[in-house]
Amino acid sequence: MATLEEKQVMVVGIDDSQHSTYALEWTFDHFFTPPLASNSPWTFDHFFTPPLASNSPFKVVVVHAKTPATSVIASLAEPGIAEVLPQVKSDLKKIAARDIEKAKEICISKSVSDVIFEVVEGDPRNVLCEAVEKHHASVLVVGSHGYGAIKRAVLGSVSDYCVHNARCTVMIVKRPKMP
C-alpha cells in the first residue's frame with residue numbers, strides 16, 4: 001500500500017476502440033480535477049501554459065496490449081502468408097502508436113500529467129494483469145465492449161478475465177449506448 005507521500009497506481013487498459021477512449025476520459029473526469037479554479041488569478045494566453053493536474057491520489061499507467069503479429073496471421077494458415085508478416089507487424093505497431101498518441105492527447109486535454117505509457121505485446125488479459133503486478137497498482141480500469149453472452153463466450157472478455165484474475169480493484173467503464 002502506498003504511503004502518504006506516494007501516489008497509488010491506476011492502470012488503464014486501452015485499445016483502438018471507442019470504449020477504451022471513453023473509459024480513459026471518464027476516469028480522468030471522475031478521478032482528476034482541473035488544476036485551476038475558474039476564479040484563479042492566472043490568465044490563459046500564448047505566454048502561459050497552466051500547470052498540469054497533480055491533484056489526484058493516482059499515478060496513471062496507460063497500457064496498450066499489442067496483439068502479436070504471428071497470432072493474427074496464424075488463423076489464416078495459407079501458403080505464402082509468411083510474406084505478409086512484416087506488413088502485419090508494421091500495421092500493428094502503427095495502431096499501437098496511434099492509440100498511445102490519442103491517450104496522450106486526452107491526458108493533455110484533461111490536464112493529467114503523472115502518466116506512464118506502455119505498449120506491451122501479448123494477450124490483453126495477461127498484459128493488463130501483469131501490468132497490475134509490475135506497477136503494484138491498486139486500481140485497474142478497463143472499458144467494456146458490451147458483448148452479449150454468445151460473443152463474449154467466443155471472443156472472451158478482457159474485463160471478465162481481469163475481474164477474476166487481477167490482484168487489485170477492477171473498474172469496468174461501460175460506454176452509454178448511443179441513440
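Being a predicted model, the structure only gives us computed values, none of them experimental.
Counting heavy atoms from C-beta on, the side chains of Val11 and Val141 never come closer than 4.5 Å. You'll find the side chain of Ser113 stays beyond 4.5 Å of the side chain of Cys107, heavy atoms only. Side-chain contact between Val60 and Ile116 is absent, with no heavy atoms from C-beta onward closer than 4.5 Å. Side-chain contact between Phe58 and Lys7 is absent, with no heavy atoms from C-beta onward closer than 4.5 Å. Side chains of Leu128 and Val158 form a contact here, defined as non-hydrogen atoms less than 4.5 Å apart. Side-chain contact between His64 and Val120 is absent, with no heavy atoms from C-beta onward closer than 4.5 Å.
In this structure, Asp91 has no salt bridge (Lys or Arg N to Asp or Glu O under 4.0 Å) partners at least two apart in sequence or on a different chain. Qualifying ring pair (Phe, Tyr, Trp, His ring centres under 6.0 Å) partners for Phe28, counting only residues two or more places apart in sequence or in other chains: Phe32. Judged as a salt bridge (Lys or Arg N to Asp or Glu O under 4.0 Å), and not counting sequence neighbours, the contacts of Lys66 are Glu121. For Asp16, there are no side chain to side chain donor-acceptor pair (under 3.5 Å) partners at least two apart in sequence or on another chain.
Summarising the geometry, atom NZ belonging to Lys94 is positioned 14.0 Å from atom CG belonging to Asp99; distances are rounded to the nearest 0.5 Å. Distance check: Ile172 CD1 to Ser159 OG gives 4.0 Å after rounding to the nearest 0.5 Å.
Side-chain atoms of His164 come within 3.5 Å of backbone atoms of Asp160 as a donor-acceptor pair (strictly under, hydrogens ignored).
The two residues Cys168 and Val139 make their nearest non-hydrogen contact at SG-C, 3.9 Å. The minimum heavy-atom distance linking Gln8 with Ser138 is given by the pair OE1-OG, 2.7 Å. Taking both residues in full, the closest heavy atoms of Val61 and His135 are given as CG1-NE2, 3.7 Å, listed atom of the first, atom of the second, then distance.
Connection of Ile95 to Ile14 is not established within any shared hydrophobic cluster, with ILVMFWY side chains joined at heavy-atom distances below 4.5 Å, either directly or through further cluster members. There is a path of hydrophobic side-chain contacts, each under 4.5 Å, that joins Ile100 to Met10. Met171 and Tyr161 sit in two unconnected hydrophobic clusters of ILVMFWY residues. Membership requires side-chain heavy atoms under 4.5 Å apart, directly or through other members.
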For Val62 and Val115: C-alpha separation, side-chain torsions, deciding distance, then whether side chain to side chain contact (heavy atoms under 4.5 Å, CB included) applies.
CA-CA 7 Å; Val62 175; Val115 184; 3.8 Å; yes
Report the C-alpha distance between Asn165 and Arg125 in whole Å, list the side-chain angles of each, state the deciding distance to 0.1 Å, and finish with yes or no for side chain to side chain contact (heavy atoms under 4.5 Å, CB included).
CA-CA 9 Å; Asn165 293 283; Arg125 296 170 290 198; over 6 Å; no
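Legend: salt bridge (Lys or Arg N to Asp or Glu O under 4.0 Å) pairs involving residues 129-139, not counting sequence neighbours, sorted by first then second residue: Glu118-Lys134, Glu133-Arg167. Listed by first and then second residue, the side chain to side chain donor-acceptor pair (under 3.5 Å) pairs involving residues 20-31 are Asp15-Ser20, Trp26-His30, Asp29-Lys110 (not counting sequence neighbours).
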